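This one's a predicted model, so the numbers in the text were calculated from it and none came from an experiment. In this chain, numbering begins with 1 at the start of the sequence shown.
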Amino acid sequence: MRRQIEGSRAVAKAVALCRPRVIPAYPISPQTHIVEALSARVAAGVLKPCEFINAESEFGAMSLAIGASAAGGRAYTATASQGLLFMAEALYNAAGLGLPIVMTVANRAIGAPINIWNDHSDAMSQRDSGWVQLYAESNQEAVDLHLLAFRLAEELSLPVMVCMDGFVLTHAVEAVDLPDQADVDAFLPPYQPRQVLDPADPVSIGAMVGPEAFTEVRYLAHVRQVELLDRLPHLAGELAAVTGRQVGAVSPYRCDDAETVVVALGSVLGTLKDTVDELRDERVPVGVLGVTAFRPFPFEAVATALAGARKVVVLERAFATGVGGIVTADVRAARPGTACHTVVAGLGGRPVTSASLRGMLLDAVAGRLEPLTFLDLNREVVDRELTRAAATRRSGPTAENVLHDLRGGAR
C-alpha cells in the first residue's frame, strides 16, 4: 500500500507489522512520534498481544527491553541523542548477552551545547558497543530496514539499530510503500529465541567471566557480527521478493567510471546524488557510495565499489574531536593507498546544500581539497573566538560567545 505519510508514522507501522511483544520506551525528540503511534495502537487493541511500557528513563527502557528479550519476547524501542547516551551501559549488556533487540535511533546531535537537530554524533558514539548499525537514506528505506532488522537480529542473535536522520526523515511526509501483514509474516517468522529465561528450566544469563574466557567471548561476538555481512544478501533478497526493493550493505551510484567518489551515510545521499547528476551532465567524473551497514563495516564491498576511484571524499555527519573523520578511518582501511579526504558537514542540523557540495566536489577533482575540511565553516566567527580566548583567560563560554557574535549582541 502506497501512501503519503510522516516518516515516524511509517516506521511505527513497519514495526507493528513485525509483531513486537514488548515495547518499552521513553520519549525524546525526534523519535517521540514513533513510540507515540505504537502506544496508540497498543491502547486501541490493534497490536495484540503487545505490552507498551512507559519507562522512567532511556536506561530503564533498554533494561526493560533486555528483560523482555531474555524472557523470549520480541522487543523494540527507540531513542535519540542524550537518550542513547543514557542507555550506554545497557547497550553494551544487550550486545554482550546476544539479545536480538531492534531499536530506532532518530539521529540527533549530542550536547553540549544543547542541540535538538540532526547529525550522526549519537549513533557514532556507540559504534563499538556491539550493536549492528544500519543507516537509512529515505523513509522508504527506513521502513524496509526495520523489517530486515528484526530478521537479522533474530537469525544471528544480535541487537540492531536502524538509524534515520532526525526531523529530516522522521518528520518528513513523503510517499512510502508499506507491505501487508501476510507478506511480513512470510518474511519474518515467529520469534524463536536462542536463549530464554524460563522458571521451569532455570539458567543463568550474564555470568561473571574472568580473564580465562573473556577474550574468547568477545571474539565470538565479533564473529557473529561479521557473519551478518554474509547473511545480508540472502535475507535482503528474501525481503526484495516481498517489497520489490533491494537493500544492501552499500549502494554505489555512478561509481563505475568515477575518478572521484563521495562516501556518505543517511539522508544526505539524496542531495549528493542530485549534485553528482548535475556534474555528470558537465562531464565531471564523480560518483557516490552510500554505506547502509556501518557496523559491521563492509570492507570488501566498499573496496570493490571504490576500485576505480583515484580520490575518495568521506562526508561525515559527525567527527572524532582531536582526530577528524570517523567513517574515514574505515574507508581508508578498505582502500589503503587511495587519496582520502574528510569533509565534516551538517553538524547540529546545518543544511548541506547542493551548492556547497558542488563546490566541495569541484575542489576535490581539482586537487584543492584539504585532508580535513569543515563544510561552510564561518571562519570569521571562529577566528574572533580564538583571538578572544588567547587575549584573556576569562574569555567566557564558547557557545554563548559565538551566538553573540553571530547576532551582533553585546556581552
Side-chain angles (χ1 to χ4, degrees), residues 107-109 117-125 127 133-138 141 163-166 168-169 249-255 258-280 284-295 297-298 301-302 305-306 309-321 323-335 338-377:
N107 293 118
R108 171 186 145 185
W117 292 274
N118 166 244
D119 66 28
H120 291 164
S121 56
D122 52 0
M124 289 290 169
S125 77
R127 63 190 179 275
Q133 289 195 12
L134 307 176
Y135 283 77
E137 175 182 345
S138 64
E141 191 165 73
C163 303
M164 61 187 299
D165 287 344
V168 179
L169 294 182
V250 298
S251 56
Y253 183 76
R254 307 191 77 163
C255 288
E259 295 181 5
T260 300
V261 176
V262 187
V263 181
L265 294 73
S267 63
V268 74
L269 287 165
T271 310
L272 272 168
K273 289 175 181 178
D274 289 343
T275 307
V276 163
D277 286 341
E278 293 173 5
L279 290 172
R280 281 287 187 159
V284 181
V286 291
V288 179
L289 178 62
V291 175
T292 303
F294 174 63
R295 285 293 180 269
F297 193 79
V302 169
L306 298 179
R310 293 194 301 109
K311 297 177 183 176
V312 174
V313 177
V314 183
L315 192 73
E316 305 261 15
R317 301 295 307 280
F319 75 102
T321 307
V323 177
I326 296 171
V327 183
T328 306
D330 294 333
V331 174
R332 282 196 177 117
R335 283 290 295 162
T338 304
C340 197
H341 303 264
T342 298
V343 175
V344 179
L347 299 184
R350 177 169 293 185
V352 184
T353 66
S354 183
S356 294
L357 292 174
R358 176 187 173 87
M360 178 270 292
L361 282 168
L362 290 174
D363 283 345
V365 170
R368 296 188 297 265
L369 196 63
E370 296 292 327
L372 175 61
T373 300
F374 286 77
L375 195 67
D376 296 332
L377 182 72

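Atom CG in Leu357 sits 6.5 Å away from atom CG in Leu315 (nearest 0.5 Å). Atom-to-atom distance recorded for Asp330:CG and Phe294:CZ is 5.0 Å, nearest 0.5 angstrom. Of the inter-residue distances, the one linking Phe319 atom CZ with Ile326 atom CD1 reads 8.5 Å to the nearest 0.5 angstrom. Expressed to the nearest 0.5 Å, how far CG of Asp119 lies from CD of Glu316 amounts to 11.5 Å. Annotation: the span from Glu141 atom CD to Leu269 atom CG amounts to 8.5 Å, rounded to 0.5 Å.
The two residues Phe297 and Ala334 make their nearest non-hydrogen contact at CE2-CB, 4.5 Å. Residues Gln133 and Cys163 come closest through the heavy atom pair OE1-SG, 4.5 Å. Between Asp165 and Arg317 the shortest heavy-atom distance is OD2-NH1, 3.9 Å. Heavy-atom minimum distance, Leu169 versus Ser138: CD2-CA, 3.9 Å. Nearest heavy atoms, Val313 versus Ala364: CG2-CB, 3.8 Å. A pairwise comparison of heavy atoms in Cys255 and Ala305 identifies CB-O, 4.0 Å as the closest pair.
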For residues 340-350, please give each side-chain donor-acceptor pair under 3.5 Å, one per line with the distance, not counting sequence neighbours.
unit_1	atom_1	unit_2	atom_2	d
His341	ND1	Leu369	O	3.4
His341	ND1	Glu370	O	3.3
Thr342	OG1	Thr328	OG1	2.8
Arg350	NH1	Asp376	O	2.9

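At a threshold of 4.5 Å between non-hydrogen side-chain atoms, the residues Leu361 and Thr275 count as touching. Two residues are said to be in side-chain contact when any heavy atoms from C-beta on lie closer than 4.5 Å; Arg310 and Thr260 fail this criterion.
Panel note: side chain Ser356, backbone Val352; no donor-acceptor pair is recorded below 3.5 Å. A donor-acceptor pair under 3.5 Å links the side-chain atoms of Arg127 to the main chain of Met124, judged by distance alone. Judged by distance alone, with hydrogens and angles left aside, the side-chain atoms of Asn107 form no donor-acceptor pair with the main-chain N or O of His120 at under 3.5 Å. No donor-acceptor pair closer than 3.5 Å links the side chain of Glu259 to the backbone N or O of Lys311.
Residue pairs meeting the salt bridge (Lys or Arg N to Asp or Glu O under 4.0 Å) criterion with at least one partner in residues 265-274, sequence neighbours excluded, are Glu137-Lys273.
Taking the charged nitrogens against the carboxylate oxygens, Asp277 and Arg254 do have a contact shorter than 4.0 Å, which makes a salt bridge.
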task = Dump the intermediate steps for side chain to side chain contact (heavy atoms under 4.5 Å, CB included) on Val365 and Val284, then the final yes or no.
result = CA-CA 8 Å; Val365 170; Val284 181; 4.0 Å; yes
request  = Apply the test side chain to side chain contact (heavy atoms under 4.5 Å, CB included) to residues Val286 and Val261: give CA-CA distance (whole Å), side-chain angles for both, the deciding distance (0.1 Å), then the verdict.
outcome  = CA-CA 6 Å; Val286 291; Val261 176; over 6 Å; no
inquiry  = Working note: Arg358 + Leu279, criterion side chain to side chain contact (heavy atoms under 4.5 Å, CB included); need CA distance, chi angles, decisive distance, verdict.
reply    = CA-CA 8 Å; Arg358 176 187 173 87; Leu279 290 172; 3.4 Å; yes
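A side chain to side chain contact (heavy atoms under 4.5 Å, CB included) with Leu306 is found for one member of Val312, Thr338, Val250 and no other, namely Val312.
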